[in-house]
**Q** 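Got a structure here, written out as structure tokens. Questions coming.
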Amino acid sequence: MTGSASTSGRSYDAIIVGAGHNGLTAAFYLARAGLSTVALERRPFVGGCCVTEEFAPGYRASTGAYVLSMLREAIWQDMRLAQRGLTVSPAGPTLNLFPDGGRFLLSEDLDETEREVARFSKKDARRFRDFEQHLADMAAIIMPMFDWTPPTGSGGIGELPTAMRMGRKALGGRRDLLDLMFLFSTSATQYLDGWFESDHLKATMGWHAINDSTSGPSTPGTAYVLLHDHAGEASDGVRSWGFVHGGMGEVTRHMSDAAREAGAEVRIGAEVAQVLTGGGRVTGVRLANGEELTAPVVLSNADPKRTFRRLVAEEDVPEHYRAAIEAYRCIGTSIKINLAVSELPEATGADPASGYQLGIMEVSSTLADMDRAQALALQGIPAEGAHIEMCIPTLHDPTLAPDGRHIVTIDVNSQPYNLAEGEGAWDDIREGVADRAIEHLGGYFPNLPGSILHRQVLSPLDLERLLGITGGHALHGDMGSDQLFSMRPVPGHGDYRTPVEGLYLCGAGTHPGGGVTGANGRNCAHEVLRDVKREQRSVGVRRLRGQVSSRLSRLR
Ligand SMILES: Cc1cc2nc3c(=O)[nH]c(=O)nc-3n(C[C@H](O)[C@H](O)[C@H](O)COP(=O)(O)OP(=O)(O)OC[C@H]3O[C@@H](n4cnc5c(N)ncnc54)[C@H](O)[C@@H]3O)c2cc1C
């Protein structure tokens, strides 16, 4: 037992630790179902990794997530996000730039993209449409599962419906099942080798495999991430990546309003120091200021490692579970740079009329180079010349910067949270690493380095400190196939419950993983409500039994 909850503190049906987008989503659904609910956020504003912050006077950027695509349609509708004013403009094409001067523009227009592919390989161009269709078919099987609670493998009767639905989906065609099994077990490299010959095309399609991961694209289990680009849903269910007007903080601002209107309390500047237990179950939380709040149910929006390392007492958690959480891979490998610039970056040789500046720009290399960069990162060495993603949100929303100025958002991969001995400490090397990344970008966007007015550099350590994410991991843990579905975060605990009775996980470290989907929070809230109803039924049955037996004894 970690200490008994004070009876003087306020009492709730449910407490949520953290008001990231998943915590807010859970708060909304629990409050809407009639539970008295409070979400407690450590920072002075809600949002977690889905926020807009001023990083230089007059310049605002999305500190964490910067493009929206996977937010579940049901959440858009239930929280009435569009009616509240949430506006998303679709990103333009993706421009991929290569060290050999190769350029590859990937757009939503398949005919155009096919012509681009043909510049590198006629054979690949003939297969491209089939490949896209194939991934779309796989995504159509997987995406509905985002809204399901994975079975734990306990064999309980409650798991039967999900198991049957999954079986029906995957067995729709035996071929689909085999393709899915292959996609989940093979590497991105092997998968793409089976389709294409052009290294440029394979790198364009496969770089997602290294996004916030310690794996390289040739690591088995990384092919699944290729579905990522096909998994998006915009507000009307149309697949696309988009920029949110006002930055990503607008998503969580509207979510917070929706949760409050549904009856939830949302408190900011309220850091939880400890989850309290008593009698073998959760009893509430203690805040960093000593205040105690009671509730029979606590949901943690913090990542699994942070939850169990910092908030729950060691003696409250079975050793095997704690060990599995420790083994869970959650080592961030990206640095984020926000720039305030005086002019638009222009890529050498790219035609601005193609709209490439509206979209995402990838400074890429081959999959083999990405493997080498990731191998360095795994050894604790920040890789130079690594893959970089860049975008210009002010082209979609000029209000994010003063008139005529722009913000540029940059994500540099293969930059490990854990540095090897001799590499120094992030606080000492951060600016130097950023200088080299910008110099690298300058090789592709020659006017960029000279146009910088201000910059914000966030190493994985800074992301951890600022956003409260262990290892600075953007997704609350690697998305390899061994850490997904029923195995996220720990095999057999994919159903949001933890071994501590009454304690649930609702953040990105649960199914279906990271990204601004809201699915984790929504699914978790459904499981909490199922347990509450079950508890109410068993209390009702116990009360009924008590009444019957007291009547019988009176009759006797
Ligand atoms: C740099 C970066 C770029 C990204 N880019 C994209 C992108 O473009 N598109 C996309 O879809 N996703 C992106 N992601 C991933 C996405 O943002 C996250 O996976 C998602 O937002 C996680 O949401 P969450 O609600 O589960 O957790 P979080 O957003 O991490 O929220 C958890 C909340 O809990 C709070 N908290 C933690 N501990 C405590 C405590 N003890 N007491 C009180 N509060 C606490 C935290 O402050 C935080 O507000 C990116 C992430 C990062 C970091």
Side-chain angles (χ1 to χ4, degrees), residues 15-27 38-51 61-71 91 211-212 228 231-233 241-244 247-249 251-252 255-256 266-275 285-289 298-307 309-312 332-338 360 389 391 393 409-413 415 458-460 462-477 479 505-510 512-522 524:
I15 293 172
I16 300 168
V17 182
H21 85 284
N22 276 314
L24 292 167
T25 302
V38 63
L40 304 166
E41 171 55 45
R42 56 185 261 284
R43 293 200 76 193
F45 40 80
V46 299
C49 296
C50 189
V51 284
S62 301
T63 315
Y66 43 99
V67 278
L68 184 71
S69 84
M70 298 188 290
L71 185 61
N211 196 13
D212 239 301
H228 212 250
E233 276 184 318
W241 290 87
F243 290 91
V244 175
M248 293 292 279
V251 177
T252 41
M255 283 184 157
S256 179
V266 180
R267 281 179 61 181
I268 51 174
E271 173 154 15
V272 172
Q274 192 160 31
V275 172
V285 299
R286 182 184 299 123
L287 302 188
N289 67 5
V298 173
L299 287 72
S300 177
N301 185 193
D303 66 70
K305 279 196 198 274
R306 192 176 176 96
T307 302
R309 279 179 179 172
R310 292 177 174 230
L311 303 180
V312 186
T333 52
S334 301
I335 65 171
K336 177 89 184 267
I337 305 175
N338 290 312
I360 317 257
E389 179 165 280
C391 57
T409 286
I410 295 166
D411 217 10
V412 188
N413 284 289
Q415 311 298 310
L458 297 166
S459 71
D462 297 320
L463 290 170
E464 178 180 67
R465 288 172 181 152
L466 188 68
L467 303 177
I469 44 179
T470 301
H473 200 303
L475 310 173
H476 288 200
M479 300 268 289
L505 292 174
C506 70
T510 61
V516 179
T517 69
N520 323 58
R522 180 166 174 265
C524 179

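The structure displayed is predicted, hence computed values, not measured ones. Order of appearance sets the numbers: ligands from 1, and atoms from 1 within every ligand. Index from 1, following the sequence.
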**Q** Starting from atom 31 (O) of ligand 1, locate the nearest protein heavy atom and write down its residue, its atom name and how far away it is, to 0.1 Å.
**A** Gly20 CA, 3.3 Å

**Q** Against heavy atoms of Gly507, which atoms of ligand 1 measure under 4.0 Å?
**A** 26 (O)

**Q** Check Arg310 against ligand 1 and report side chain, backbone, both or neither, counting heavy atoms closer than 4.0 Å.
**A** neither

**Q** Output the list of atoms in ligand 1 that are nearer than 4.0 Å to some heavy atom of Ile469, sorted by atom number.
**A** 30 (O), 53 (C)

**Q** Can you name the closest pair of heavy atoms from Ile469 and Cys49 and give their distance?
**A** CG2-SG, 3.8 Å

**Q** Quick test of your reading of the structure: of Gly64, Gly515, Ser334, whose heavy atom lies closest to atom 3 (C) of ligand 1?
**A** Gly64

**Q** Heavy-atom distance under 4.5 Å between the side chains of Ile335 and Pro460, does that happen here?
**A** yes

**Q** How far is atom 38 (N) of ligand 1 from its nearest protein heavy atom, and which residue and atom is that?
**A** Arg306 NE, 3.3 Å

**Q** Looking only at distance, does Gly48 have an N or O less than 3.5 Å from an N or O of ligand 1?
**A** yes

**Q** For the atom pair CZ (Arg522) and SG (Cys506), what is the distance rounded to the nearest 0.5 Å?
**A** 14.5 Å

**Q** Start with the C-alpha gap between Arg267 and Val38, add the side-chain angles, then the distance that decides, and say whether side-chain contact (heavy atoms from CB on, under 4.5 Å) holds.
**A** CA-CA 7 Å; Arg267 281 179 61 181; Val38 63; 4.2 Å; yes

**Q** Is it true that Met248 lies under 4.0 Å from ligand 1, counting heavy atoms only?
**A** no

**Q** Judging by distance only, is a nitrogen or oxygen of Arg42 under 3.5 angstrom from one on ligand 1?
**A** yes

**Q** Which atoms from ligand 1 have a heavy atom of Ala302 less than 4.0 Å away?
**A** 37 (C), 38 (N)

**Q** Does some side-chain heavy atom of Ile16 sit less than 4.5 Å from a side-chain heavy atom of Leu40?
**A** no

**Q** Is there a polar contact between ligand 1 and Cys506, counting only N or O atoms under 3.5 Å apart?
**A** no

**Q** Check contact between Val17 and ligand 1, using heavy atoms of the residue and a distance below 4.0 angstrom.
**A** yes

**Q** Considering only heavy atoms, does Leu311 approach ligand 1 within less than 4.0 Å through its side chain, its backbone, both, or neither?
**A** side chain

**Q** Show the numbers, then the answer: is there a side-chain contact (heavy atoms from CB on, under 4.5 Å) between Thr307 and Val312?
**A** CA-CA 7 Å; Thr307 302; Val312 186; 4.2 Å; yes

**Q** Under 4.0 Å from a heavy atom of Val516: which atoms of ligand 1 are those, numbered in the order shown and with their elements?
**A** 10 (C), 11 (O), 12 (N), 21 (O)

**Q** For atom 34 (O) of ligand 1, what is the closest protein heavy atom, and at what distance to 0.1 Å?
**A** Gly18 CA, 3.3 Å

**Q** Atom 48 (C) of ligand 1: which of Glu41, His473, Met70 has the nearest heavy atom?
**A** Glu41

**Q** Got Glu271 and Leu287 here, is their nearest side-chain heavy-atom distance under 4.5 Å?
**A** no

**Q** Considering non-hydrogen atoms of the protein only, which is the closest contact for atom 28 (P) of ligand 1, and what is the distance?
**A** His476 NE2, 3.7 Å

**Q** Tell me the protein heavy atom at minimum distance from atom 18 (C) of ligand 1, and give that distance in Å.
**A** Ala474 O, 3.3 Å

**Q** Could you check if a side-chain atom of Ile360 sits within less than 4.5 angstrom of a side-chain atom of Trp241, using non-hydrogen atoms only?
**A** no

**Q** Could you list which atoms of ligand 1 come closer than 4.0 Å to a heavy atom of Gly514?
**A** 19 (O)

**Q** Provide, to 0.1 Å, the distance between atom 29 (O) of ligand 1 and the closest protein heavy atom, together with that atom's residue and name.
**A** Cys49 N, 2.8 Å

**Q** Can you tell me how far apart CG (Leu505) and OG (Ser300) are? Round to the nearest 0.5 Å.
**A** 6.0 Å

**Q** I want to know if ligand 1 touches Trp241 in the polar sense, i.e. an N/O pair below 3.5 angstrom.
**A** no

**Q** Looking only at distances, please establish whether an N/O atom of ligand 1 is found under 3.5 Å from an N/O atom of Asp411.
**A** no

**Q** To the nearest 0.5 angstrom, please state how far the CD atom of Glu41 sits from the OG atom of Ser256.
**A** 10.0 Å

**Q** For Glu389, which of Val412, Val67, Asp411 qualifies under side-chain contact (heavy atoms from CB on, under 4.5 Å)?
**A** Asp411

**Q** Supply the atom-to-atom distance Thr409 OG1 to Tyr66 OH, rounded to the nearest 0.5 angstrom.
**A** 7.5 Å

**Q** Is the shortest distance from a heavy atom of Ala270 to ligand 1 less than 4.0 Å?
**A** yes

**Q** Select the closest option to atom 5 (N) of ligand 1 among Ala65, Ser300, Ala39, Gly509, judged by heavy-atom distance.
**A** Ala65

**Q** If you compare all heavy atoms of Ala19 against all heavy atoms of Val266, which two are closest, and at what distance to 0.1 Å?
**A** CB-CG1, 4.4 Å

**Q** Can you find a heavy atom in the side chain of Asn520 that is under 4.5 Å from one in the side chain of Pro512?
**A** yes

**Q** Looking at ligand 1, does any of its N/O atoms fall within less than 3.5 Å of an N/O of Asn301?
**A** yes

**Q** Quick check for you: to the nearest 0.5 Å, what is the distance between Thr63 atom OG1 and Met248 atom CE?
**A** 11.0 Å

**Q** So Leu467 and Arg43, side-chain contact (heavy atoms from CB on, under 4.5 Å) or not? Walk me through it.
**A** CA-CA 8 Å; Leu467 303 177; Arg43 293 200 76 193; 3.8 Å; yes

**Q** Decide, yes or no, whether a salt bridge links Arg465 with Asp462 under the criterion of side-chain N to carboxylate O below 4.0 Å.
**A** yes

**Q** What protein heavy atom lies closest to atom 42 (N) of ligand 1? Include the residue and the distance to one decimal.
**A** Val272 N, 2.9 Å

**Q** What's the spacing between Leu463 CG and His473 NE2 if we round to 0.5 Å?
**A** 11.5 Å

**Q** Which ligand 1 atoms does Gly47 reach within 4.0 Å, using its non-hydrogen atoms?
**A** 29 (O)

**Q** Could you tell me whether some N/O pair between Lys336 and ligand 1 is separated by less than 3.5 angstrom?
**A** no

**Q** Numbering the atoms of ligand 1 from 1, which are under 4.0 Å from a heavy atom of Leu40?
**A** 43 (C), 44 (N)

**Q** Please say whether Val67 places an N or O atom under 3.5 Å from an N or O atom belonging to ligand 1.
**A** yes

**Q** Can you tell me which residue and heavy atom of the protein come closest to atom 20 (C) of ligand 1, and the distance to 0.1 Å?
**A** His21 CE1, 3.8 Å

